[in-house]
Asks: 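This structure is in structure tokens; I'll ask about it shortly.
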Amino acid sequence: MSYVDEALERVKAKNASEPEFLQAAEEVLDSLRPIVDANEETYRRQALLERITEPDRQFKFRVPWVDDSGQVQVNTGYRIQFNNAIGPYKGGLRLHPSVNTGVIKFLGFEQIFKNALTGLPIGGGKGGSDFDPKGKSDREVMAFCQSFMTELCKYIGPDTDVPAGDIGTGAREIGYMFGQYKKIKSAYEGVLTGKGLSYGGSLARTEATGYGLLYITEELVKCHGESMEGKTVVISGAGNVAIYATQKAQQMGAKVVTCSDSTGWIYDPEGIDVALLKDVKEVRRARLTEYAKERKSAEYHEGRGVWSVKCDIALPCATQNELGIEDAKQLVANGCMAVCEGANMPTTIEATKYLQENGVWFIGGKAANAGGVATSALEMSQNSERLSWSFEEVDAKLKQIMVNIYHNIDEAAKRYGAEGNYVMGANIAGFEKVAEAMLAQGVV
Ligand code: NDP
Ligand code: 2IT
């Protein structure tokens with residue numbers, strides 16, 4: 001049996017109750033076959049695949065807090081420190097009721113390869129809680145964040161592990177967590193990224209994931225002789241990534257006609273009004289029905305359905321496994337040319353294969369949404385030198401990083417005889433760097 005198959009069997013046997021982690025591990029290991037086959041003896045002897053699929057450590061803890069009625073509530077907190085071969089653990093904190101060990105583990109695993117692709121010195125980690133910030137008062141969110149950080153602060157630090165935002169964790173949550181860390185540790189240091197601009201945050205971090213997604217998408221279509229100008233784009237989600245992806249796509253001359261949240265979706269044939277979307281989601285924290293009420297051209301639909309809209313480019317920006325095989329068939333039938341993932345693992349393995357086999361240019365999240373964490377690493381650099389760079393400077397660096405990622409993954413795919421398979425290219429390019437560092441550092 002090949003080393004990849006052996007390692008996959010072991011991962012499946014050990015993690016049977018963690019479907020999202022198994023999905024992520026299978027996608028990565030399967031696509032590493034060419035490089036693993038070429039180095040089989042060394043990698044097997046060094047147990048490289050066993051080591052890279054086993055986290056360095058995982059923390060799971062109780063998070064008690066008091067709600068506005070005086071009732072004590074209890075959530076579970078998580079932090080997984082997956083791999084620090086190339087730098088301190090780095091990755092976001094997800095606050096969503098669906099969070100469990102397997103979800104955090106898949107996100108932490110993907111983060112290893114994504115962070116390596118940025119070309120910056122950051123290792124892979126992730127965390128979060130099953131706390132749901134939706135419908136909570138600011139005081140309740142603060143109470144949760146303070147309790148969460150009271151425990152988390154024992155495990156993180158600016159040179160150890162640097163968390164950031166993800167689903168449900170935005171500027172408000174990062175602010176409360178930073179305040180509590182500073183109070184407990186009596187230290188003013190860059191322990192979190194995505195901070196507010198008045199206390200060490202970086203310009204362009206808010207926009208970075210969405211903007212980065214469009215920079216790599218633009219480079220992809222440009223290298224195939226196309227441009228973003230005049231393209232119809234469908235986007236899912238209505239959060240941080242979706243909003244700034246929509247904004248940048250429009251700046252590039254494309255028309256974005258959809259967005260969605262967990263209850264429904266919008267079709268707006270005149271193009272999404274970003275200012276209104278930002279007001280509804282970032283200021284009012286309301287549902288998309290509010291958007292539809294105020295925008296004459298918009299249709300609101302309950303449930304899911306953005307992938308049924310005819311488009312040139314599709315950008316899933318909400319959550320994992322939101323684009324399945326039936327959606328992929330519809331996109332292909334409608335003539336979609338490219339799918340680039342703003343979210344983490346939004347496309348199922350079956351749907352990814354279908355899109356690739358039917359000639360759709362497909363860039364997975366580890367490459368396509370790396371702009372967020374890359375800009376977090378730029379925030380860490382600014383914190384270390386106690387300086388702040390201009391928006392233009394950070395944005396220019398972000399763009400260069402995304403263009404470089406495209407060419408690195410394209411080149412890696414070609415080198416291993418799989419031209420155009422950007423999923424394989426990304427996994428191999430990320431893995432090569434981490435594997436080299438792990439082998440150099442011995443059995444640790
Ligand atoms: P936000 O919390 O800002 O927005 C998430 C959006 O997705 C919301 O519109 C939300 O709807 C929707 N959504 C979330 N969960 C579900 C679900 N289970 N079913 C349907 N819709 C859902 O998060 P982000 O925009 O930051 O994150 C979106 C994706 O991008 C995630 O996969 C995240 O891991 C990934 N990502 C984020 C980065 C960042 O810098 N923020 C960087 C790289 C990747 P509702 O409000 O109704 O819940
Ligand atoms: O999935 C991701 O890359 C993020 N949520 C961003 C992580 C970070 O540290 O900025």
Side-chain angles (χ1 to χ4, degrees), residues 20 87-99 103-104 106-115 117-118 120 122-128 132-135 156 161-174 190-195 201-202 204-213 235-246 259-266 277-278 280-282 285-289 291 303-304 306 315-323 341-347 364-380:
E20 292 87 0
Y89 307 106
K90 181 86 198 84
L93 297 169
R94 178 173 291 191
L95 300 182
H96 193 271
S98 63
V99 162
V103 167
I104 297 301
F106 113 68
L107 290 162
F109 182 67
E110 297 237 301
Q111 205 81 45
I112 304 170
F113 306 96
K114 182 197 303 192
N115 294 4
L117 285 174
T118 66
L120 299 168
I122 39 179
K126 200 84 188 189
D132 186 358
K134 251 186 243 138
I156 62 176
D161 182 356
V162 183
D166 193 80
I167 290 177
T169 307
R172 175 182 59 172
E173 291 73 19
I174 292 290
V191 70
L192 293 165
T193 59
K195 298 184 293 299
S202 174
R205 175 60 187 92
T206 304
E207 295 84 355
T209 312
Y211 278 22
L213 173 65
I235 292 183
S236 63
N240 174 266
V241 180
I243 287 172
Y244 294 97
T246 302
C259 61
S260 67
D261 64 16
S262 53
T263 53
W265 60 286
I266 294 285
L277 184 62
K278 283 177 73 166
V280 168
K281 285 294 172 184
E282 292 181 350
R285 299 183 189 274
R287 313 310 307 162
L288 284 174
T289 42
Y291 177 95
R304 51 194 298 287
V306 296
L315 306 174
C317 296
T319 193
Q320 62 269 14
N321 293 328
E322 54 162 319
L323 199 165
E341 296 184 326
N344 286 309
M345 207 169 76
T347 314
K366 293 184 218 78
N369 70 40
V373 76
T375 307
S376 278
L378 301 179
E379 183 172 327
M380 290 166 71

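Sequence positions, counted from 1, serve as the residue numbers for this chain. Just so you know, ligand 1 is whichever comes first in the structure, and atom 1 is the first atom listed for that ligand.
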Asks: Set out, in order, the CA-CA distance, both residues' side-chain angles and the distance that settles side chain to side chain contact (heavy atoms under 4.5 Å, CB included) for Val373 and Thr118, then state yes or no.
Replies: CA-CA 8 Å; Val373 76; Thr118 66; 3.9 Å; yes
Asks: Any nitrogen or oxygen of Asn240, side chain or backbone, less than 3.5 Å from one on ligand 1?
Replies: yes
Asks: Could you go through the side chain to side chain contact (heavy atoms under 4.5 Å, CB included) check for Ile104 and Val99 one step at a time?
Replies: CA-CA 7 Å; Ile104 297 301; Val99 162; 3.8 Å; yes
Asks: Side chain, backbone, both or neither: which applies to Glu110 and ligand 2 if a contact is any heavy-atom pair less than 4.0 Å apart?
Replies: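 Answer for Glu110: neither.
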Asks: What protein heavy atom is closest to atom 25 (O) of ligand 1, reported as residue, atom name and distance in Å?
Replies: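 In this structure, atom 25 (O) of ligand 1 has Val241 N, 3.0 Å as its nearest protein heavy atom.
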Asks: Would you say Leu107 has any N or O atom under 3.5 Å from an N or O of ligand 1, going by distance alone?
Replies: no
Asks: Write down the atom of Ile167, the atom of Ala318, and the distance for their closest heavy-atom approach.
Replies: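 Minimum heavy-atom contact is CD1-O, 3.5 Å.
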Asks: Just going by heavy-atom distances, which of Ala374, Ala164, Gly108 is nearest to atom 8 (C) of ligand 2?
Replies: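 The option holding the nearest heavy atom is Ala164.
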Asks: With nothing but distance in play, are any N or O atoms of Gly165 less than 3.5 Å from an N or O of ligand 1?
Replies: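 No, no N or O pair falls under 3.5 Å.
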Asks: If the cut-off is 4.0 Å to any non-hydrogen atom of Ser376, which atoms of ligand 2 fall inside it?
Replies: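 So the atoms of ligand 2 that pass are 8 (C), 9 (O), 10 (O).
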Asks: Among all the protein's non-hydrogen atoms, which is closest to atom 7 (C) of ligand 2, and how far away is it?
Replies: Gly92 N, 3.5 Å
Asks: Give yes if a backbone or side-chain nitrogen or oxygen of Gly237 is under 3.5 Å from a nitrogen or oxygen of ligand 1, and no if not.
Replies: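 Min N/O separation from ligand 1 is not below 3.5 Å for Gly237.
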Asks: Quick one: which ligand 1 atoms are inside 4.0 Å of a heavy atom on Cys317?
Replies: 28 (C), 29 (C)
Asks: Can an N or O of Asn369 be found at a distance shorter than 3.5 Å from an N or O of ligand 1?
Replies: no
Asks: Between Asn369 (side chain only) and Leu213 (backbone N and O only), is there a donor and an acceptor less than 3.5 Å apart?
Replies: no
Asks: Please name the pair of heavy atoms, one in Cys317 and one in Gly342, separated by the smallest distance, quoted to 0.1 Å.
Replies: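 Between these two residues, the closest heavy atoms are SG-CA, 4.0 Å.
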Asks: Tell me, with the steps shown, if Lys281 and Asp261 meet side chain to side chain contact (heavy atoms under 4.5 Å, CB included).
Replies: CA-CA 10 Å; Lys281 285 294 172 184; Asp261 64 16; 2.9 Å; yes
Asks: Checking a contact table here: which protein heavy atom is nearest atom 38 (C) of ligand 1, and how many Å away?
Replies: Thr209 OG1, 3.7 Å
Asks: Counting non-hydrogen protein atoms only, what is the nearest one to atom 16 (C) of ligand 1? Give residue, atom name and distance.
Replies: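 Checked against all protein heavy atoms, atom 16 (C) of ligand 1 sits closest to Thr319 CG2, 3.7 Å.
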Asks: Does Ala208 reach ligand 1, in the sense of a heavy atom lying below 4.0 Å from it?
Replies: no
Asks: Give the residue, atom name and distance (to 0.1 Å) of the protein heavy atom nearest atom 23 (O) of ligand 1.
Replies: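 Result for atom 23 (O) of ligand 1: Ile167 CA, 3.4 Å.
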Asks: Applying a strict 4.0 Å limit to heavy atoms, is Arg94 in contact with ligand 1?
Replies: yes
Asks: Hey, is Ala370 one of the residues with a heavy atom under 4.0 angstrom from ligand 2?
Replies: no
Asks: Less than 4.0 Å is my threshold; does some heavy atom of Gln320 fall inside it relative to ligand 1?
Replies: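 It does not, in that no heavy atom of Gln320 comes within the 4.0 Å cut-off of ligand 1.
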Asks: Could you check if a side-chain atom of Met380 sits within less than 4.5 angstrom of a side-chain atom of Leu120, using non-hydrogen atoms only?
Replies: no
Asks: Please give me the minimum heavy-atom distance between Ala208 and Gly371, naming the atom from each residue.
Replies: CB-O, 3.5 Å
Asks: How does Glu322 reach ligand 1, by side chain, by backbone, by both or by neither, if only non-hydrogen atoms under 4.0 Å count?
Replies: neither
Asks: Report, in ascending order of atom number, the atoms of ligand 2 lying under 4.0 Å from any heavy atom of Gly165.
Replies: 4 (C), 5 (N), 6 (C)
Asks: Can you name the one residue among Ile235, Leu277, Thr246 that meets side chain to side chain contact (heavy atoms under 4.5 Å, CB included) with Cys259?
Replies: Leu277
Asks: Mind checking whether Thr193 and Lys90 have side chains closer than 4.5 Å, heavy atoms only?
Replies: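 Thr193 vs Lys90: side chains touch.
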Asks: Nearest heavy atom to atom 30 (O) of ligand 1 wins, so pick from Gly128, Gly371, Gly372, Ala343.
Replies: Ala343
Asks: Test your reading of the structure: does Asp166 have an N or O sitting under 3.5 Å from an N or O of ligand 1?
Replies: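 Yes, Asp166 has an N/O under 3.5 Å of an N/O on ligand 1.
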Asks: I'd like to check Arg205 versus Ile174 (side-chain heavy atoms, cut-off strictly below 4.5 Å). Are they in contact?
Replies: no
Asks: Can you name the atoms of ligand 2, numbered from 1 with element, that are less than 4.0 Å from a heavy atom of Lys90?
Replies: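 Ligand 2 atoms under the 4.0 Å threshold to Lys90: 8 (C), 9 (O).
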Asks: Using non-hydrogen atoms of the residue, decide whether Arg304 is closer than 4.0 angstrom to ligand 1.
Replies: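 It does not; every heavy atom stays at 4.0 Å or beyond.
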Asks: Report yes if some N/O of Thr263 lies less than 3.5 Å from some N/O of ligand 1; otherwise report no.
Replies: no
Asks: Is Gly342 in contact with ligand 1, taking contact as a heavy-atom separation below 4.0 Å?
Replies: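 Yes, Gly342 has heavy atoms under 4.0 Å from ligand 1.
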Asks: Going by heavy atoms in the side chains, are Lys114 and Asn344 under 4.5 Å from each other?
Replies: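 Of all side-chain heavy-atom pairs linking Asn344 with Lys114, at least one is under 4.5 Å.
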Asks: Are the side chains of Gln320 and Val103 in contact, using a 4.5 Å heavy-atom criterion?
Replies: yes
Asks: What part of Asn344 sits under 4.0 Å from ligand 2 if we count only heavy atoms: the side chain, the backbone, both or neither?
Replies: side chain
Asks: Show the numbers, then the answer: is there a side chain to side chain contact (heavy atoms under 4.5 Å, CB included) between Ser376 and Val162?
Replies: CA-CA 9 Å; Ser376 278; Val162 183; over 6 Å; no
Asks: Before signing off on this row, confirm whether Lys114 and ligand 2 have an N or O atom pair separated by under 3.5 Å.
Replies: yes
Asks: For residues Lys134 and Ser262, report the shortest heavy-atom separation together with the two atoms involved.
Replies: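 Result for this residue pair: NZ-OG, 3.6 Å.
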Asks: Return the option from Lys126, Arg205, Arg94 holding the heavy atom at the smallest distance from atom 6 (C) of ligand 2.
Replies: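 Result: the heavy atom closest to atom 6 (C) of ligand 2 is in Arg205.
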Asks: Counting heavy atoms only, which of Gly239, Ala242, Gly365 is nearest atom 4 (O) of ligand 1?
Replies: Gly239
Asks: Side chain or backbone of Ser260 under 4.0 Å from ligand 1, or both, or neither, by non-hydrogen atoms?
Replies: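 The part of Ser260 near ligand 1 is the backbone, not the side chain.
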Asks: Can you list the ligand 1 atoms lying under 4.0 Å from a non-hydrogen atom of Arg287?
Replies: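 Selected atoms, number and element: 47 (O).
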Asks: Could you tell me whether some N/O pair between Ser262 and ligand 1 is separated by less than 3.5 angstrom?
Replies: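 Yes; at least one N/O pair falls below 3.5 Å.
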Asks: Under 3.5 Å between some N or O of ligand 1 and some N or O of Asn344?
Replies: yes
Asks: Contact between Lys134 and ligand 1, counting heavy atoms under 4.0 Å?
Replies: yes
Asks: Among protein heavy atoms, which lies nearest atom 9 (O) of ligand 1, and at what distance?
Replies: Ala238 N, 2.9 Å
Asks: Heavy atom to atom 31 (C) of ligand 1, shortest distance: which of Ala368, Ala318, Ala370 holds it?
Replies: Ala318
Asks: Could you see which bit of Arg205 sits under 4.0 Å from ligand 1, with heavy atoms only: side chain, backbone, both or neither?
Replies: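 Side chain only; the backbone of Arg205 stays clear of ligand 1.
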Asks: Pairing donors with acceptors under 3.5 angstrom, does anything connect the side chains of Arg94 and Thr169?
Replies: no
Asks: Closest non-hydrogen protein atom to atom 2 (O) of ligand 1, residue and atom name please, with distance?
Replies: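 Result: Gly168 N, 2.9 Å.
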Asks: Using distance alone, determine whether Lys126 and ligand 1 share an N or O pair under 3.5 Å.
Replies: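 In fact, backbone or side chain, Lys126 has no N or O that close.
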Asks: So Arg304 and Glu322, salt bridge (Lys or Arg N to Asp or Glu O under 4.0 Å) or not? Walk me through it.
Replies: CA-CA 9 Å; Arg304 51 194 298 287; Glu322 54 162 319; over 6 Å; no
